[in-house]
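Notes to accompany the following structure.
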Amino acid sequence: MNQLDFQEEVTQFADVILPIPVPRLFTYRVPREFAGQIQIGARVIVQFGKTKIVTALVARVHTQPPKQYQAKYILEVLDETPLVTRWQLELFSWISEYYMCHIGEVMNVALPSGLKISSQSKVQYNPDFEHPDLLTAREKEIVEEIKAKQSLTYDELARFADVKNVYHLIKSLIGKRAIIVFEEVREKYSPKVVRKIRLTSFYADPENLKALIGQLEKSPKQLDILLEYLRYVPALRDPEKNTEGTPKSTFSRNDELSDSSLETLLKKGIFESFDVVVSRFAEDTGTIATMPTLSEPQQRAVQEVTQAFQEKDTVLLHGVTGAGKTEVYIHLIEQALESGSQVLYLLPEIALTTQIVIRLKKIFGERVGIYHSKFSDNERVEVWKGVLSGRFQFVIGVRSAIFLPFDSLGLIIVDEEHEASYKQYDPAPRYHARDSALVIARMQGAKVLLGSATPSIESFYHAQQGRYGLVQLKERFGNAALPAIELIDIRQARKNREMKGDFSGELLRQLEQNLEKKEQTILFQNRRGYSPYLTCDDCSWISKCDNCDVSLTYHQRDGELRCHYCGHKEHLPRTCPACGSTKIRTQGFGTEKLEEDLQLHFPAARIQRMDLDTTRSKTAFQQMITDFEQGETDMLVGTQMVSKGLDFDKVSLVAIFDADRMINFPDFRSTERSFQLLTQVSGRAGRRKERAGRVLIQTNNTQHPILAKIIHNDYEGFYAEEIEERQAYGYPPFTRIIRLTTRHLEQQTAQAAAQKLATLLLQKVGTDRVKGPESPLVERIRNQFLFDVLLKFERNLNLKAIKEFVKETIEEVVTTKEFKGISIVIDVDPV
DNA sequence: AGCACGCCGACT
DNA sequence: GTCGGCGTGCTC
């Protein structure tokens, strides 16, 4: 039996991933015409349920007909060749198993929405419509419109009929058999097209062209256009060039040339127009930079990393702030690309908008694809396709770039690997990009380089254990000194009456000096808004959110109180809502107040604030950076945004406010986070040898041990202490945590369900491994009460069976009648 | 996730 | 008596 016979006789079936939270794959029948051609990793369109039409992904092709049910047909095959590689499918299932979510949810974050099909419900006239007399006058009008336009979307129909709820109308018309509804499927991605102009083949011939020029003597406007064309496309000298033509816009740019003459030439058959698909990443052929020269320590680091990769698949590069890790990366990237493999360079969201990308782009040119969440969907699809086609061998991207269709990765760099933003929280999958990168690397035989000035405890632990290689860069690039960090005791300052608002006298003096020296300052306060809450002097009322258990932050610019959890906004009350008193005061301070106070102290200073509120627009962030870089700004006030990978030459002073709040945050990671954040912010100062940097930290508790570690840049000391704590209390990296959060409108129900969950689980896995239920720090968000149950398992335990049991238990609790309306969030390895 | 089928209250 | 509430279960 040859291949063809086989295909003709046996029906194929495809198990597909649906973009819907269902726990397994679904089997569809492959239509005859696609038999033998359907590829694993191709997208297909299928009907799911009675009405839904969705894009699904082929995960398996086989010939076993399902016994329990009749499989539906695949409606359409969207890709002839796989859009998703085998590795990716493997990654999808790993993520869905490890992070305990549905595989469809993984597919949903993985594919840019431009690769998903949108199905839109539309209505059309029923050709078999028999009883027009049943329609009201208004309905007749509407049906006529539908008939005239062939089809209308629900929205269009609603607009035409001018009704808010269109469903009643549709239902009525369907009942009278006047219309039918259908689903229209369309591909969202549209390639960017440029309309071009060229000579028709007859006139592309030099002889004919010469003759034409003669003929056009009497139509000067048309001749102008032809001559303009020949300036761009020398068709006389080189007829071959004509094929490529020139964009139509070439002519419209020039006011001297008339559009209508061009149209005439087109009509006469002298020119023809045609469309070409072009890249959205049209190369701004900017200056191509050469490979940077490495300092001696950097060279050594490259060697050490390369050497470590001989034995280990993962290497941690621990380099102090300003050590010049980027240059080390560049050389390793170049090496990997040289050897013909792909490279992925992951960066946290914020850092991606900065200088690094521009730099890498200049060095690696057209081989680089950039994958960023601020990009449009079409752009993301282009990067995806570029990786598939081999156009992009190197991708710089954020968290979700781990889902791109690589097939021969040689190196993955996870820069700032300690960053918590690598972990996605909402929606599921709650995956960690760094940890997933390690899995991808193992699949494809790639190496992973984790880089940070302040490695996560987990990563450093693995390095200490010998699981990862460890390479250190202990000096700053170009012999620049690490900044001198000083503490300012604000408790003492307050006693001595040296505080002016939130500024100590010492800080004000230093700020002033820096301003006089024309050097730049960064002020860090990890809290946006004007003040975190309002309070009434007479009755101790505090501004609180109606839906969440948090205070409302006052935003002065908009005169609003805002909830940072649910986005709720209200106007600033004039009098106390509780007692009517007018003595309402702001309490505490955020970046907005800091900026205002700073301006009062230094009226002449040019101050810029950088936080979520001021960087909403796509370009605002870049603009602020450019201004600061060019010395247009003296002082930059900001939240943790100012701590991420910014590299400015002229910053000599960094001021840190409210370090205490961070340090005293009740969470097992608060010490780690404080060390990382404060070290990173401090690291913005004195990055060039010529300008020593100073850091001032205002604190109530100068004796706190973590501050001493930060001052002395003592990562190892911090690590030694922290790892001991983690071991003593059984926290990661010694355990793995799964956090279950119940959510319900009723506090009682949320708590009872969490209790039930805990009880059931501890019976199975033992009391030691179950903690809670307990209220999280914020007990209520968006009107839902939350309760946490923490599961802690020893690292060496295989969690597969346990996770299965956890899922069953959750299922049991969710379906319990008395817990109706409960939802349970699973977070594996929460950060 | 959506959407159907299915069993109990306020309306012509 | 009916319209409609949303409560449970299925979707290849």
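Labels below follow one simple rule: chain letters A, B, ... track the order of the sequence lines, proteins then strands, and each chain is numbered from 1. From a predicted model like this one, the values you see are computed outputs, not experimental measurements.
dT11(C) atom C1' lies 14 Å from atom NE2 of H102(A), rounded to whole Å. The OH-C1' distance, from Y69(A) to dC10(C), rounds to 13 Å in whole Å. The distance between atom CZ of F13(A) and atom C1' of dC12(C), rounded to the nearest whole Å, is 10 Å. Atoms CZ (R60(A)) and C1' (dC12(C)) sit 13 Å apart, rounded to a whole Å. With rounding to whole Å, Q47(A) atom CD is found 8 Å from dC12(C) atom P. Nucleotide dC12(C) holds its P atom 18 Å from the CG atom of L57(A), rounded to whole Å. dC12(C) atom C1' lies 9 Å from atom CG of D15(A), rounded to whole Å. Between the CD atom of E811(A) and the C1' atom of dC10(C) there is a distance of 13 Å, given to the nearest Å.
Aromatic ring orientation, F13(A) versus H62(A): parallel (interplanar angle below 30°, classes split at 30° and 60°).
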Please tabulate the protein-to-nucleotide N/O contacts below 3.5 Å involving nucleotides 1-8 of chain B, giving atom names and distances.
{"residue": "dG2(B)", "atom": "O4'", "partner": "K52(A)", "partner atom": "NZ", "Å": "3.4"}

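For Y28(A) against dC12(C), no side-chain N or O and base N or O form a donor-acceptor pair under 3.5 Å.
The side-chain hydrogen bond (donor to acceptor under 3.5 Å, both in side chains) search around D426(A) returns R430(A), not counting sequence neighbours. Legend: residues meeting side-chain hydrogen bond (donor to acceptor under 3.5 Å, both in side chains) with D435(A), ordered by chain and number and at least two apart, are absent.
Cation-pi contact between R780(A) and F785(A): present, with separation from the ring centre below 6.0 Å and deviation from the ring axis of at most 45°.
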- Task: Before giving the answer on side chain to side chain contact (heavy atoms under 4.5 Å, CB included), spell out for F793(A) and T735(A) the whole-Å C-alpha distance, their side-chain angles and the decisive distance to 0.1 Å.
- Result: CA-CA 5 Å; F793(A) 300 103; T735(A) 56; 6.0 Å; no
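Residue contacts for K817(A): at a heavy-atom cut-off of 4.0 Å it reaches the sugar-phosphate backbone alone, with no base atom in range.
Shown here is E746(A), whose CD atom has no more than 12 heavy atoms of other residues, nucleotides or ligands within 6.0 Å.
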